[in-house]
*Asks:* 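Structure provided below as structure tokens; questions to follow.
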Amino acid sequence: MLLPRAARLPLLTLASAAILSAQTYTTDQALSGRAAYLGNCASCHLPNLAGRNEAHPLTGGNFQNTWRNRTVYQLTRYMQQTMPPGNPGGLGEETYVALSAFILEANGASPGNEPLTPGNRRRIGDISTGQMPAALLAALNDRSSDQAGLSTRARPKGHTVRGVVKNFRPVTAAMLRNPDPADWLMIRRNYQAWSYSPLSQVTAANVKNLRLKWAWAMNDGGANQPTPIVHDGIIYLSNTSHTMQALDGLTGDLIWEHNIGPESTRAYGATRGISIWGDKVYLSGTDARLTALDARTGRIVWQREIAPPKVGFSSTSGTIAFDGKVVQGLTGCGSFKEERCAISAWDAETGDPAWKFHTIARDGEPGGDTWGPLGNLFRAGGDTWISGSYDPELNLTYWGVAQAKPWMRVSRGSRLGDKGLYTNSTVALNAATGQLSWYFQHVPQESFDLDEVFERVLVDVDGRKLVFSVGKAGILWKLDRVTGKFLGLTETVFQSVFSHIDRTTGALTYRADILEQKIGEWLHVCPSTQGGHNWQPMSYHPPTSQLIIPLSQSCMEMSAREVEMKAGSGGGGGNRHFLEMPGKKGMIGKLAAYDVRTLKELWAVEQRAPFLTGVLSTAGGVAFAGDLDRYFKAFDVKTGGVLWQTRLGTSVQGHPVSFAIGGKQYVAVTAGLGGGSPRDVPHVIAPEIRHPGNGNALYVFELP
């Protein structure tokens, strides 16, 4: 006899639950997946799976919006084909299945008696809720727990090598304003961010004789994008995992080392620049801490928390020191939270806070009325993940501010015409107080993760003080740095984002279909999130009055995701497919020179491999840059012709520098791994370019 329909429902529910449970995963699989996740994925997606920037959340409503109608099989295959970014498929099928099991657990799916299999065709939304179990969330958020660790590597902690830099001379304000040609005292060498060395011993005629002097192996793990700084022949070097070292620049001998910790490598782990003031060197860590170390001994003098890392903040900008202050930026600002992004200054001697400028304007503040209907909680983004520059005469510091988040306007819930200050802007701040002097917003309502956060290069031309910048859209901007007035622009790579550019005002107009964007609708744009231009800085070469810029040429399709409007949500909120740039025959890398007066392109070099270093130009008429294919090259600054090249142990990545000891010039560069779109995109569109998955190192070259 059949039971009435109402009486049958509990039995059917119990039977369905049993079937679903048997088709999910086992507890052992989830534990194995958790260990694999923490060791391989958490540095980008965060230990609690909340996601950040390009790394999407793997739990919660935003994950469910994307994956609830897809199958476990599709999730496993997607991870196997794309993750980890530097080694897709390299973890083995069993590990990818275990990762899927852990992600299911983190989304509230219950374990069962049968192990998950690679071909499981259950819809994720049928077996998970998006709600992480409270006990699991507590374990992943507990920084003291092994379950919250981001790495399985074990290194000695603390002041691991004790030594003393002999005859150390404190670095004065005068030294930083007018650096000795033999020194390289900050990221991009001078306050004006020129990335230029006045040393001329290495020339276009003799650079072909350059040879390796010595090499130094660095920590692996995370993203290696450092700038070595050099003072009186001593190299100060930041490694991944927050390890600082002092090396003898002549011999490569280690003088002191301090593994500051933590071992974790958040936000890809990059620490792009360190600074020096007086007798201290300063490291801005990816755990949003600022550390001052004694430059002589490596002893920690003081530490300060810049922002709470537990809510996702980090710092990869590096620091710049001026006027007795250490100034740094902040990232991890993409989620909806009460705290907001800021540029902050700290007393170089004591670590006391000096000033703070918030890059997201709130109600009642200047610019607070530019966010339309969005409440303060939902005004996200405005990261400052590249350090600024400084004009001592004007006493202004210039910073680029990244885009609003989520990436696409429709995901943010913004209206057309809402500028969202001070995102995608140049801001000029009073160096003494942090107060805003002026701003120029390059791209209001940016919608494709094409931010304008990168270096601001200060140049005086014909008696006028200028500031140059170029963002991911590949547009080179020229502004008056006293007033912020727009003076000119040029497109350095093909772009299809803007249908009209006003050459008089610099105003950009999006294509009509971009203005009418919809959730889930794919839009094709050039360039991709690789940029145009990215974190690798350009160089200003004074003898030829040209900017030499590392560029990339790729395109993408992006679609907006639905984003929950609640605390803790936000993030990138976009799907991407990467493609070659039309008409470029697969040439991803571009190095080009532009006249600072006319913005005319003077020469350009294109190649298959993208450039992953900044440009170092010298008074000897040589420009250096390195690429994904392990080549470190010297170019003629007048023609772009290749004068010399050598191949390093892995991809060449970081900020090349030049210094002198005993009257002899040296050139140094790092090989490095890790990072976001500049590495992810070529992996998709140029998969034949291969390099070892380890090999972070510092290489120093000399003439015979």
Side-chain angles (χ1 to χ4, degrees), residues 161 163 165 179-189 195-203 206-220 224-240 243-257 271-274 276 281 295 539 612-620 622-627 630-635 643-673 695-704:
V161 176
V165 174
D180 187 318
D183 281 352
W184 194 285
L185 297 177
M186 67 186 77
I187 187 171
R188 305 181 298 254
R189 191 177 179 275
S195 297
Y196 166 77
S197 172
L199 298 174
S200 59
Q201 191 176 88
V202 177
T203 68
N206 65 22
V207 68
K208 63 181 181 292
N209 299 319
L210 214 59
R211 66 184 184 186
L212 182 66
K213 170 70 171 177
W214 56 264
W216 175 260
M218 299 174 65
N219 291 352
D220 280 316
N224 201 45
Q225 302 168 0
T227 304
I229 64 172
V230 188
H231 176 47
D232 287 347
I234 303 301
I235 298 175
Y236 296 93
L237 181 65
S238 64
N239 286 242
T240 58
T243 298
M244 278 290 302
Q245 297 167 331
L247 303 167
D248 186 309
L250 190 61
T251 65
D253 292 336
L254 179 64
I255 300 172
W256 58 252
E257 176 183 85
T271 51
R272 297 185 179 90
I274 55 180
I276 188 167
V281 291
S539 176
L612 291 181
T613 73
V615 177
L616 160 66
S617 70
T618 72
V622 181
F624 294 90
D627 65 33
R630 302 191 288 122
Y631 283 103
F632 186 45
K633 299 180 180 181
F635 300 86
L643 303 171
W644 168 87
Q645 65 181 27
T646 189
R647 216 166 191 195
L648 305 186
T650 192
S651 47
V652 193
Q653 180 168 279
H655 300 72
V657 305
S658 188
F659 59 93
I661 301 174
K664 186 170 186 176
Q665 182 179 359
Y666 298 89
V667 176
V669 70
T670 52
L673 298 160
N696 291 349
L698 173 66
Y699 295 82
V700 176
F701 297 90
E702 66 173 359
L703 291 173

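Being a predicted model, the structure only gives us computed values, none of them experimental.
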*Asks:* Any sub-3.5 Å donor-acceptor pair from W184's side-chain atoms to M186's backbone N or O?
*Replies:* yes
*Asks:* With a 4.5 Å limit on heavy-atom distance, are the side chains of W216 and L254 in contact?
*Replies:* yes
*Asks:* Taking atom CG of L199 and atom NZ of K664, what is their separation to the nearest 0.5 Å?
*Replies:* 13.5 Å
*Asks:* Check step by step if side chain to side chain contact (heavy atoms under 4.5 Å, CB included) holds for D627 and K633.
*Replies:* CA-CA 8 Å; D627 65 33; K633 299 180 180 181; 3.9 Å; yes
*Asks:* Is a side-chain N or O of Q653 found less than 3.5 angstrom from the main chain of L612, in a donor-acceptor match?
*Replies:* no
*Asks:* Rounded to the nearest 0.5 Å, what's the gap from CZ on F635 to CG on L643? Could you check?
*Replies:* 9.0 Å
*Asks:* Check whether any side-chain heavy atom of V669 sits under 4.5 Å from a side-chain heavy atom of L648, and report yes or no.
*Replies:* yes
*Asks:* Taking only residues two or more places apart in sequence, or in another chain, which ones meet Y666 in a ring pair (Phe, Tyr, Trp, His ring centres under 6.0 Å)?
*Replies:* F659
*Asks:* Begin from the C-alpha positions of F632 and F624 and carry the test ring pair (Phe, Tyr, Trp, His ring centres under 6.0 Å) through to its verdict.
*Replies:* CA-CA 7 Å; F632 186 45; F624 294 90; 5.7 Å; yes
*Asks:* Donor-acceptor pair, distance only, cut-off 3.5 Å: does the side chain of Q645 make one with the backbone of G626?
*Replies:* no
*Asks:* Is a side-chain donor or acceptor of D183 paired with a backbone partner of L185 at a separation under 3.5 angstrom?
*Replies:* no
*Asks:* Do S651 and L673 come within less than 4.5 Å of each other through their side chains, counting heavy atoms only?
*Replies:* yes
*Asks:* Donor-acceptor pair, distance only, cut-off 3.5 Å: does the side chain of D248 make one with the backbone of G252?
*Replies:* no
*Asks:* Tell me, do V281 and I274 make a side-chain contact under 4.5 Å, heavy atoms counted?
*Replies:* no
*Asks:* So P226 and N239, do their side chains get closer than 4.5 Å, heavy atoms only?
*Replies:* no
*Asks:* Going by the rule side-chain hydrogen bond (donor to acceptor under 3.5 Å, both in side chains), which residues pair with N206 if we only count those two or more places apart in sequence or in a different chain?
*Replies:* T203
*Asks:* Answer yes or no: is there a side-chain heavy-atom contact under 4.5 Å between L698 and L247?
*Replies:* yes
*Asks:* Check the pair E257, T243 against side chain to side chain contact (heavy atoms under 4.5 Å, CB included), reporting the backbone distance first and the verdict last.
*Replies:* CA-CA 7 Å; E257 176 183 85; T243 298; 3.8 Å; yes
*Asks:* Closer than 3.5 angstrom, by distance alone: can the side chain of R272 be matched with the main-chain N or O of Q225 as a donor-acceptor pair?
*Replies:* no
*Asks:* Could you tell me if the side chain of V667 sits less than 4.5 Å from the side chain of L616, heavy atoms only?
*Replies:* yes
*Asks:* Please step through side chain to side chain contact (heavy atoms under 4.5 Å, CB included) for the pair V700 and L212, ending with a clear verdict.
*Replies:* CA-CA 6 Å; V700 176; L212 182 66; 5.7 Å; no
*Asks:* Closer than 3.5 angstrom, by distance alone: can the side chain of W214 be matched with the main-chain N or O of G249 as a donor-acceptor pair?
*Replies:* yes
*Asks:* Supply the atom-to-atom distance T670 OG1 to H655 NE2, rounded to the nearest 0.5 angstrom.
*Replies:* 8.5 Å
*Asks:* Taking N696 for the side chain and N219 for the main chain, is one N or O donor matched with an acceptor at less than 3.5 Å?
*Replies:* yes
*Asks:* In a check of side chain to side chain contact (heavy atoms under 4.5 Å, CB included) between S658 and each of P181, S617, S197, which one passes?
*Replies:* S197
*Asks:* Looking only at atom types and distance, does a side-chain atom of Y236 sit under 3.5 Å from a main-chain N or O of H231, one as donor and one as acceptor?
*Replies:* no
*Asks:* Any donor and acceptor pair, going by atom type alone, linking the side chain of Q665 with main-chain N or O of V202 inside 3.5 Å?
*Replies:* yes
*Asks:* Can you name the nearest heavy-atom pair linking K213 to L250, along with the distance?
*Replies:* CE-O, 3.2 Å
*Asks:* Give me the atom names and distance for the closest heavy-atom approach of A697 to N224.
*Replies:* N-ND2, 4.3 Å
*Asks:* W644 and F701: aromatic ring centres closer than 6.0 Å?
*Replies:* yes
*Asks:* Quick check: do I234 and I255 have side-chain heavy atoms less than 4.5 Å from each other?
*Replies:* yes
*Asks:* Of the non-hydrogen atoms in V615 and A623, which two are nearest, and what is the gap between them?
*Replies:* CG1-CB, 4.1 Å
*Asks:* Which heavy-atom pair separates N209 from P704 by the least distance, and what is that distance?
*Replies:* O-CD, 3.3 Å
*Asks:* Any chance you could measure T646, atom OG1, to R211, atom CZ, to the nearest 0.5 Å?
*Replies:* 13.0 Å
*Asks:* Kindly give the heavy-atom pair with the smallest separation between V165 and A246, and that separation in Å.
*Replies:* CG2-CB, 4.4 Å
*Asks:* Output the distance between atom CE (M244) and atom OG1 (T271), rounded to the nearest 0.5 Å.
*Replies:* 8.5 Å
*Asks:* Show, in sequence, the C-alpha distance, side-chain angles and deciding distance for M218 and T240, and conclude whether the side chain to side chain contact (heavy atoms under 4.5 Å, CB included) test is met.
*Replies:* CA-CA 8 Å; M218 299 174 65; T240 58; over 6 Å; no
